[in-house]
Visitor: 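Could you have a look at this structure, given as structure tokens, before my questions?
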Amino acid sequence: IKSYPLKERKNKLSFKDFASTFNADASFKSFFASLPNILAGKKLKELVKEILRAHHRGKPVLWAMGAHVIKCGLSPLINNLIHERIVNAIALNGAGAIHDVEIALIGETSEDVEESLPTGKFGMAQETAEFINNSLKEGAKRGWGAGKAIGHMLLKTEAPYKKFSLLATAAINDIPATIHIAIGTDVIHMHPS
């Protein structure tokens, strides 16, 4: 066995990267700067820097995401970025559209899969599928894609919680919104509509 001095070893972490304490009366900018410069803290700072760099250079910022962004309550933050013209287009998967519509319609989402799957009720909420499928049918008549069709239908039907919807916000701000639905795998495919 051969050992060597600890100071000679290459390390991934230094106290210089640690979070710093934060005073409650300080600004958000100070709080953000206080986050650690390691792992997710470092990646978040890099992401914000790149988004702002693209925005200031007049480059488009396309925000592609899955359903968890919506399920974790982050829609208001992304909607604000859309309103501020920092995010110029959004892309969702099928589940993202489903959760977005449910939030807009009733202010709630995220079915308990463990509870509803054994009973055969998983994905069987009538209004979700009917709203999405009817929106897609109407949108197809106009040559619209799924994102535009659902967003405009949310506005047309006066969905009570549309201010939380990414698709409605995209429609209001006239930015592209695409939905990448996997045929046969989303709950909307199990309904008669």
Visitor: Roughly how far, to the nearest 0.5 Å, is CG of L52 from CG of L47?
Guide: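 Rounded to the nearest 0.5 Å, the CG-CG separation comes to 9.5 Å.
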
Visitor: Do N37 and K16 touch side chain to side chain, with heavy atoms closer than 4.5 Å?
Guide: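 Answer no - side chains too far apart.
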
Visitor: Taking the side chain as every heavy atom from C-beta outward, state whether N79 and L166 have any atom pair closer than 4.5 Å.
Guide: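 Yes, at least one pair of side-chain atoms sits under 4.5 Å.
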
Visitor: Quick one: OG1 on T178 to CD1 on I90, what's the gap to the nearest 0.5 Å?
Guide: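 So the OG1 of T178 and the CD1 of I90 are separated by 8.0 Å.
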
Visitor: Without swapping roles, check the side chain of D100 against the backbone of G96 for a donor-acceptor pair under 3.5 Å.
Guide: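 The answer is no, because no donor-acceptor pair under 3.5 Å joins these two groups.
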
Visitor: To the nearest 0.5 Å, tell me how far R53 CZ sits from K59 NZ.
Guide: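 R53 CZ to K59 NZ: 12.5 Å, rounded to 0.5 Å.
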
Visitor: Decide yes or no for N134 and K137: does some side-chain heavy atom of the first lie under 4.5 Å from some side-chain heavy atom of the second?
Guide: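 Yes, their side chains come closer than 4.5 Å.
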
Visitor: Between K45 (side chain only) and A33 (backbone N and O only), is there a donor and an acceptor less than 3.5 Å apart?
Guide: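 Checking the backbone N and O of A33 against the side chain of K45, a donor-acceptor pair under 3.5 Å is found.
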
Visitor: Working to the nearest 0.5 Å, report the span between CZ of R9 and OG of S3.
Guide: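 Answer rounded to 0.5 Å: 12.5 Å.
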
Visitor: Is the closest side-chain heavy-atom distance between V61 and L81 below 4.5 Å?
Guide: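 Of all side-chain heavy-atom pairs linking L81 with V61, none is under 4.5 Å.
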
Visitor: Locate the shortest heavy-atom distance separating S75 from I70; write the atom from each residue and the value.
Guide: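 That closest heavy-atom pairing would be OG-CG1, 3.7 Å.
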
Visitor: Is it the case that more than 12 heavy atoms not belonging to D174 sit under 6.0 Å from its CG atom?
Guide: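 Open.
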
Visitor: P76 and G73: which non-hydrogen atoms are nearest, and at how many Å?
Guide: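 Reported closest heavy-atom pair: CD-O, 3.5 Å.
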
Visitor: Please give me the minimum heavy-atom distance between A159 and A104, naming the atom from each residue.
Guide: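 That closest heavy-atom pairing would be CB-O, 3.4 Å.
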
Visitor: Quick one: closest heavy-atom pair of M153 and E138, and the distance?
Guide: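 Residues M153 and E138, closest heavy atoms: CE-CG, 3.9 Å.
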
Visitor: Can you see which heavy atom on R85 is nearest to which on N173, and at what distance?
Guide: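 Between these two residues, the closest heavy atoms are NH1-O, 2.9 Å.
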
Visitor: Going from CD1 on I175 to CH2 on W63, what distance comes out if it is rounded to the nearest 0.5 angstrom?
Guide: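 One gets 11.5 Å once the value is rounded to the nearest 0.5 Å.
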
Visitor: I need the L167 CG to K162 NZ distance, nearest 0.5 Å.
Guide: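 So the gap between those two atoms works out to 14.0 Å.
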
Visitor: Could K49 and E46 be called an ion pair, given the rule that one side-chain N must be under 4.0 Å from one carboxylate O?
Guide: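 E46 and K49: not salt-bridged.
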
Visitor: Which heavy atom of L105 sits nearest a heavy atom of P160, and at what distance?
Guide: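 So the two residues come closest at O-CG, 3.4 Å.
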
Visitor: Is any side-chain heavy atom of L154 less than 4.5 Å from a side-chain heavy atom of F131?
Guide: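 Answer yes - side chains close enough.
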
Visitor: Heavy-atom count check: over 12 atoms from other residues, nucleotides or ligands less than 6.0 Å from H180 NE2?
Guide: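 Enclosed.
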
Visitor: Answer yes or no: is there a side-chain heavy-atom contact under 4.5 Å between M65 and I78?
Guide: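 Result yes, sub-4.5 Å side-chain heavy-atom pair found.
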
